[in-house]
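These notes are about the structure you will find just below.
Since we're looking at a predicted model, the values are computed, not measured.
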Amino acid sequence: MPADRQIAIAVNGLVKNFPGVKALNDVGFVVRAGEVHALLGENGAGKSTLLKILSGVYRADAGTIEIDGKPVELTSPKAARLAGIAMIHQELQQVPELDVAQNMFLGAPITNAGVFTNKTRMREMARAVLAHLDPSIDVTAKIKTLRVAQRQIVEIAKALLSDAKVIAMDEPTSSLTPREFESLALIIEGLAARGVAVIYVSHKLEEVFRIASIATVLRDGRKVGIADIKSTTEPQLVAMMVGRDLESHPHQSHIQHDAIALEVRGLSRGTAVKNVSFQLRKGEVLGIAGLVGAGRTELVRLIAGVDKATSGEIRVHGAVMNFANPREAIAKGIALLPEERKKDGIIPLRSVVSNIALPRFSFLTRLGLVKTKELRVTVDQLSKSVSLRPHDIDRQIRLFSGGNQQKAIICRWLMAKSEILIFDEPTRGIDVGAKSEIYRLIDRLAEGGCAIIVVSSELPEIIRLADNVLVMRRGAAEAILPRSEISEQTILNYAVSGQPASNRAA
């Protein structure tokens, strides 16, 4: 990025304090027009606080922000928009029942005489902007009918509609397939070519190396450095983020070949899951891969008793099961760590100890009273074994980072003595340091004899963890790949077309 490009946004000496915590301490950086600037750091590093200041949600306690060389006061989200800053949130701020054009003009509709909404004009303008991004999006369609990738494009179009000079994107690809990310990357490159400054936040470093030119790295609320992406390696970036070199842990297999823990035979549920069969042995990690909508989550929900199969059977240690609900599956040693951790995995306002003890409360009571001392000792030991940080079992679980919430959920199933563990997107929204710790925990569980299923959209994660990979496509199991055949290209070939590249060529 040429240094003579105009500076679009300059952040100087930002400070933000919360009770007992200095979330930002003298943070500053600049982003030039046409630059894609990554903002990196572990959870708790200060990225979210910084984005909320830039979007007008929080006010800084000290420091200044300049747009095109002029100081701005970002006292509200509206003030931020008027200053030329647009935010693309991880959880999109859209109204499902409104159409695309209405969402693009949300909060600032075009009206006739200030009274009646001019839908025709709004749709014309929305269509003109989307023509440069994705002309296939129908501006009259309800936003809820669009794929996540299309909904993000609508948010980008909304930013362009307001003539944003700076667009900040917070984990924009958490629900996207690799192909959808590539489409988004091309759009971001187009934004940069038009002179828009892009601030990009992601835990997926391969994305950062694909689209960013510069990265500002935060740690514990401070800026620890600025990296030129072209001359920096991934291990160097990770070391800046976590303050240490992460140990490399190559894949090791712990399969007990003579011990089948779980067997699925012809399992089906309508068109979502169609005639899926596989075996899972003790100590094995089975990866389940496929595009979004391939039926991965639907499959594991059947195994965990959340949904009811229309045909087929599930065998646990050889015995046929007919789970009516998740409680029955839990009683047989099956545990599901759900994809939507905050929605389905935790009780946010309850403490860590309460969240961990959920499946075992009935076993930890005497005459209707909880054996508090025994419970606390057990939870304390388990939370130490997974390096829960901070180590405070009485703290509300919502106050922990995503990685530590996941550790607490793992503790829950360790306490329940679960032998078959299903991880659905185990590291979504988790930073690189915590991700490495989750991988080590999964390795440790497999070594201890647990049978493990890992559903993931991140192919490097599947390759790092899995002994075998089941590739799903349109609800069916297209292939089960042994370790020797696992590669990103092979998985994608089966996920996209249902056959390896060599067969397609023939």
Side-chain angles (χ1 to χ4, degrees), residues 43 90-91 148 171 174-176 203 262 264 267 269 272-273 276 280 285-309 314 323-350 352 354-360 382 386 388 396-398 400-430 434-435 437-439 441-442 445 450-458 461-462 465-466 470 472 475:
N43 286 331
Q90 182 176 357
E91 297 179 2
V148 173
E171 298 285 353
S174 59
S175 299
L176 301 189
H203 291 309
L262 173 72
V264 169
L267 202 62
R269 179 180 170 86
V273 178
V276 174
L280 179 68
V285 178
L286 174 68
I288 298 184
L291 305 180
V292 173
R296 299 168 305 170
T297 293
E298 291 79 2
L299 172 62
V300 296
R301 283 171 63 90
L302 296 178
I303 297 169
V306 180
D307 296 326
K308 189 77 173 173
I314 298 169
F323 300 133
N325 53 55
R327 184 176 298 174
E328 293 184 3
I330 291 169
K332 293 300 180 180
I334 297 177
L336 173 63
L337 290 84
E339 176 183 9
E340 298 289 343
R341 184 169 50 247
K342 292 182 179 179
K343 176 174 172 282
D344 301 324
I346 63 172
I347 303 176
L349 297 179
R350 299 294 294 273
V352 166
S354 295
N355 272 273
I356 291 176
L358 279 174
R360 298 289 294 176
L382 285 171
V386 299
L388 183 76
Q396 288 182 353
I397 197 167
R398 69 182 178 88
F400 287 79
S401 68
N404 283 289
Q405 288 176 3
Q406 191 73 298
K407 290 179 187 178
I409 298 172
I410 292 173
C411 287
R412 174 190 299 163
W413 301 120
L414 290 175
M415 188 170 185
K417 303 187 185 307
S418 301
E419 298 177 335
I420 300 169
L421 297 171
I422 303 171
F423 292 81
D424 193 356
E425 301 289 357
T427 63
R428 174 167 291 171
I430 291 177
K435 183 179 289 190
E437 292 179 335
I438 296 297
Y439 291 170
L441 282 172
I442 291 174
L445 291 167
C450 288
I452 296 170
I453 294 174
V454 174
V455 177
S456 180
S457 299
E458 296 188 33
E461 182 164 272
I462 290 283
L465 293 170
L470 186 155
M472 294 196 67

For the student: nearest non-hydrogen atoms of [X] and [Y], plus distance:
| X | Y | result |
| --- | --- | --- |
| Asn355 | Arg412 | O-NE, 2.9 Å |
| Gly475 | Val276 | O-CG2, 3.8 Å |
| Arg341 | Ile409 | CG-CD1, 3.6 Å |
| Glu425 | Ser457 | OE2-OG, 2.6 Å |
| Ile462 | Gly287 | CD1-CA, 3.9 Å |
| Glu458 | Ser456 | N-OG, 3.0 Å |

Partners passing side chain to side chain donor-acceptor pair (under 3.5 Å) against [X] (at least two apart in sequence or in another chain):
| X | result |
| --- | --- |
| Gln396 | Arg398 |
| Ser401 | Asn404 |
| Lys342 | none |

Heavy-atom side-chain proximity of [X] to [Y] below 4.5 angstrom:
| X | Y | result |
| --- | --- | --- |
| Ile303 | Ile420 | no |
| Lys407 | Phe400 | no |
| Leu299 | Val455 | no |

Residues two or more places apart in sequence or in another chain: which of them pass side chain to side chain contact (heavy atoms under 4.5 Å, CB included) with [X]?
| X | result |
| --- | --- |
| Ala272 | Glu298 |
| Arg301 | Thr297, Val306, Asp307 |
| Leu291 | Thr177, Ala495, Val496 |
| Ala294 | Met472 |

Rounded to the nearest 0.5 Å, how far does [atom2] of [Y] lie from [atom1] of [X]?
| X | Y | atom1 | atom2 | value |
| --- | --- | --- | --- | --- |
| Leu337 | Ile438 | CG | CD1 | 9.0 Å |
| Ser418 | Ile452 | OG | CD1 | 11.5 Å |
| Gln405 | Leu388 | CD | CG | 10.0 Å |
| Leu349 | Ile397 | CG | CD1 | 11.5 Å |
| Ile422 | Ile334 | CD1 | CD1 | 6.0 Å |
| Leu414 | Leu445 | CG | CG | 5.5 Å |

Please name the residue in the list Ile442, Val285, Val300 that meets the side chain to side chain contact (heavy atoms under 4.5 Å, CB included) test with Phe423.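 When Ile442, Val285, Val300 are each tested with Phe423, the side chain to side chain contact (heavy atoms under 4.5 Å, CB included) holds only for Ile442.
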Any chance you could lay out the salt bridge (charged side-chain N to carboxylate O under 4.0 Å, His left out) test for Glu339 and Arg296, step after step, and finish with the verdict? CA-CA 11 Å; Glu339 176 183 9; Arg296 299 168 305 170; 6.0 Å; no
List in chain and number order the residues that pass salt bridge (charged side-chain N to carboxylate O under 4.0 Å, His left out) with Glu461, two or more places apart in sequence or in another chain; answer none if no residue qualifies.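 For Glu461 there are no salt bridge (charged side-chain N to carboxylate O under 4.0 Å, His left out) partners, ignoring immediate neighbours.
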List the residues meeting salt bridge (charged side-chain N to carboxylate O under 4.0 Å, His left out) with Arg269, not counting sequence neighbours, and say none if there are none.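 If we apply the salt bridge (charged side-chain N to carboxylate O under 4.0 Å, His left out) test to Arg269, skipping adjacent residues, there are no hits.
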For a salt bridge (charged side-chain N to carboxylate O under 4.0 Å, His left out) check, start with the C-alpha distance between Lys343 and Glu340, then their side-chain angles and the critical distance, and finish with the verdict. CA-CA 5 Å; Lys343 176 174 172 282; Glu340 298 289 343; over 6 Å; no
Can any side-chain N or O of Gln406 pair as donor or acceptor with the backbone N or O of Thr427 at less than 3.5 Å?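 It does not hold such a pair.
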Quick one, Leu262 with Leu286, criterion side chain to side chain contact (heavy atoms under 4.5 Å, CB included). Give me CA distance, side-chain angles, the key distance, then yes/no. CA-CA 11 Å; Leu262 173 72; Leu286 174 68; over 6 Å; no
